[in-house]
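Take a look at the structure below.
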Number of protein chains: 2
Amino acid sequence: MQSPEELTTAFRARGLKVTPQRQLIFRLLAGNDRHPSADVLFATASAAMPGISLRTIYQTLTDLTSMGELRALDVGAGATRFDPNIDDHHHVICDHCGDVRDVYVSGVESLRLLSDADAEAHGIFEIDRTQVVFRGTCSPCRSTR
Amino acid sequence: MQSPEELTTAFRARGLKVTPQRQLIFRLLAGNDRHPSADVLFATASAAMPGISLRTIYQTLTDLTSMGELRALDVGAGATRFDPNIDDHHHVICDHCGDVRDVYVSGVESLRLLSDADAEAHGIFEIDRTQVVFRGTCSPCRSTR
DNA sequence: TGGTTATTCGCAATCTGTGCAGATTGTGGC
DNA sequence: GCCACAATCTGCACAGATTGCGAATAACCA
Ligand SMILES: [Mn+2]
Ligand SMILES: [Mn+2]
Ligand SMILES: [Zn+2]
Ligand SMILES: [Zn+2]
């Protein structure tokens, strides 16, 4: 995601307005590596700006996502998580607490599809992106077991 | 997933009963590589057994999943998809229609985490499983664009 | 400054999935 | 084959996440 300042420019360029609510959300997301859900952002935003609506949070997250500034992540834990890091990276997810961590991975280019049916699938599909997800248990969750 | 016959035995062995509803669901899942959602299964099941409840579909899917006969897949398209293929395999997903195809991939063992923060994350997390998801557009969806 | 147009916000509605309880049915033992 | 009993089925209420809608409001450009 670009900086709050750059986003301000980008929004205006698109005919979108830069409201205090949006600026706050930009700031909350900038450099955030926690992969927050809309709900978590709403809680944080509400502390800084009481009265801000959850609807506005969703609205802005959707806008940023469709602008390509944000990536939506479905980790299979109820709510969608949002990722301002749009670098080519991957994730480690704790199946117990839902913690999501960034990881940079080598060897992704070397992945190869096997067998005929796969080759066919490969030909039939136009692949845009490869996501690697490592699932497991984080240290804190391992302690309390 | 085991065959419907084997599942019958497995269920009885666990003190679970084998009802016509469950048998139907076993049959609908056996060899099914479409990764159906509960909803889709409900529609198909309803055709064969009018009156069957969506609740029963969910119930049986949950049972099969916790028995390890089925894998639940979150593809970020609303509903959970269920996979009777419990081999070590991966998926190609069409971002437009939600089509999910099985692919067998080589090179997964060679994936390596880079950088310090990642190495730390790797040490902190106990990784159980690595999922690779190829995202893109299937041929039919490409035509209609 | 004013007018136009996007945005905000609250609320209803949708969608997916789960909790509950009464009526029903599969099963193992006789 | 019949019984007793536990497991199941179903309908319905409910919860959580997200979206649709519209009236009131606020941003932006001339
Ligand atoms: Mn990330
Ligand atoms: Mn599969
Ligand atoms: Zn954890
Ligand atoms: Zn498609």
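Labels below follow one simple rule: chain letters A, B, ... track the order of the sequence lines, proteins then strands, and each chain is numbered from 1.
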Indicate yes or no: at least one non-hydrogen side-chain atom of [X] is less than 4.5 angstrom from one of [Y].
X	Y	result
A:Y104	B:L113	no
A:I25	A:I57	yes
B:E5	B:T9	no
A:L111	B:V108	yes
B:P36	B:N32	yes

Discussion item. Before we go on, tell me: are the rings of B:F26 and B:F11 under 6.0 Å apart, centre to centre?
Written reply: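 Centroid separation for B:F26 and B:F11: below 6.0 Å.
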
Distance check: side-chain N/O of [X] vs OP1/OP2 of [N], anything under 4.0 Å?
X	N	result
B:T80	C:dG17	yes
A:R22	C:dT8	yes
A:T19	C:dT8	yes

Discussion item. If the test is side-chain hydrogen bond (donor to acceptor under 3.5 Å, both in side chains), which one of B:N85, B:D83, B:T80 qualifies with B:H35?
Written reply: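 Between B:H35 and the candidates, side-chain hydrogen bond (donor to acceptor under 3.5 Å, both in side chains) is satisfied uniquely by B:D83.
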
Discussion item. I need the residues from residues 54-73 of chain B with at least one non-hydrogen atom less than 4.0 Å from DNA chain D; give them sorted by number, or say none.
Written reply: B:R55, B:T56

Worksheet, complete the sentence: Bend of the helix from C:dT1-D:dA30 to C:dC30-D:dG1 from end-axis comparison, five pairs per end, nearest 10°, comes to 40°

Item to complete: Would you sort out whether A:R22 and A:D63 count as a salt bridge (charged side-chain N to carboxylate O under 4.0 Å, His left out), showing the intermediate values?
Response: CA-CA 10 Å; A:R22 283 179 175 174; A:D63 291 343; 3.2 Å; yes

Worksheet entry | From C:dC9, C:dG26, C:dG17, nucleotide with atom closest to A:S53 side chain |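 Closest nucleotide among those given: C:dC9.
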
Discussion item. Both B:G15 and B:M49 contact DNA chain D. Which one's nearest nucleotide lies toward the 5' end?
Written reply: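 On the 5' side of the pair lies B:G15.
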
Worksheet item: Shared ILVMFWY cluster between B:Y58 and B:L70, side chains joined below 4.5 angstrom?
Response: yes

Fill in: Residue pair B:R135, B:D95: steps toward the salt bridge (charged side-chain N to carboxylate O under 4.0 Å, His left out) verdict
CA-CA 6 Å; B:R135 292 190 169 271; B:D95 284 325; 2.8 Å; yes

Discussion item. Looking only at the side chains, is there a donor atom on one of B:D102 and B:H90 sitting less than 3.5 Å from an acceptor on the other?
Written reply: no

Worksheet item: Quick one: how far along DNA chain D does chain B reach, first to last nucleotide 5' to 3', anything under 4.0 Å to a heavy atom?
Response: D:dA6 to D:dG11

